[in-house]
Engineer: 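Provided herewith is a single structure, encoded as structure tokens, for subsequent inquiry.
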Amino acid sequence: MNYFLAKTDPDTYGIDDLVKEKITTWSGVRNPQAVNVLKSMKRGDTVLIYHSQGQSAIVGLASVVGSSRPDPKDSKSWLVDFKFIKKFKEPFITLADIKASKKFDNLALIKQGRLSTIELPAAFINWLKQKGLSL
DNA sequence: GCCAACGTTGGC
DNA sequence: GCCAACGTTGGC
């Protein structure tokens, strides 16, 4: 079981939309590096949903269902289905929190600000658990 | 809303 | 294949 982070602009599609929809197909990721991350997602993996607008923060959890597949409408994009798990009452961990910890300067979220899907290392997950997140 | 950083496109 | 011009993302 692996952990990933998926960024989204809440004005376009936010955690509240996922709450309503229960299951959604993540689409429109075209950056080759981000597409590779999507391709490596497997059923049962956990996806931390991150809002990249407003207060930049992890706002909820989803899990990967079904299998990832090419987008029939867009050869550069790749599709993965996410199922809603939970929405945090408060943004759980903000970008500012992560930066302030000084522990994750090498995390793609910090280092490659524009990468929209990221595989998360165990060290980061452990840190989140320490902060009280049950994963 | 601004703009820096970065990704993509297209002409050569 | 290089790189200038352009477009987009995301933090502030």
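The basis for the numbers below is simple: all heavy atoms, side chains too, and nothing from hydrogens, waters or symmetry mates. Chain letters run A, B, ... following the sequence lines, proteins first, then strands; residues in each count from 1.
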Engineer: If you count the non-hydrogen atoms of other residues, nucleotides and ligands that lie under 6.0 Å from NZ in Lys131(A), is the total more than 12?
Structural biologist: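 Open: at most 12 neighbouring heavy atoms sit under 6.0 Å from NZ of Lys131(A).
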
Engineer: I'd like to know if Asp74(A) and Arg30(A) make a salt bridge, using a cut-off of under 4.0 Å between side-chain N and carboxylate O.
Structural biologist: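 Salt bridge flag = yes for Arg30(A) with Asp74(A).
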
Engineer: At what distance, to the nearest 0.5 angstrom, does CG of Leu120(A) lie from CH2 of Trp127(A)?
Structural biologist: 11.5 Å

Engineer: Check Lys22(A) with Asp17(A), please: is the shortest side-chain N to carboxylate O separation under 4.0 Å?
Structural biologist: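 Judged by the 4.0 Å cut-off on N to carboxylate O distance, Asp17(A) and Lys22(A) do not form a salt bridge.
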
Engineer: Quick one, give me the B/S/- string for nucleotides 7-12 of chain C, reading 5' to 3', where B means a protein heavy atom under 4.0 Å from the base and S means that only happens at the primed atoms, P, OP1 or OP2.
Structural biologist: BBBSSS

Engineer: Take a 6.0 Å sphere around CZ of Arg43(A) and say whether it holds more than 12 heavy atoms from other residues, nucleotides or ligands.
Structural biologist: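 No.
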
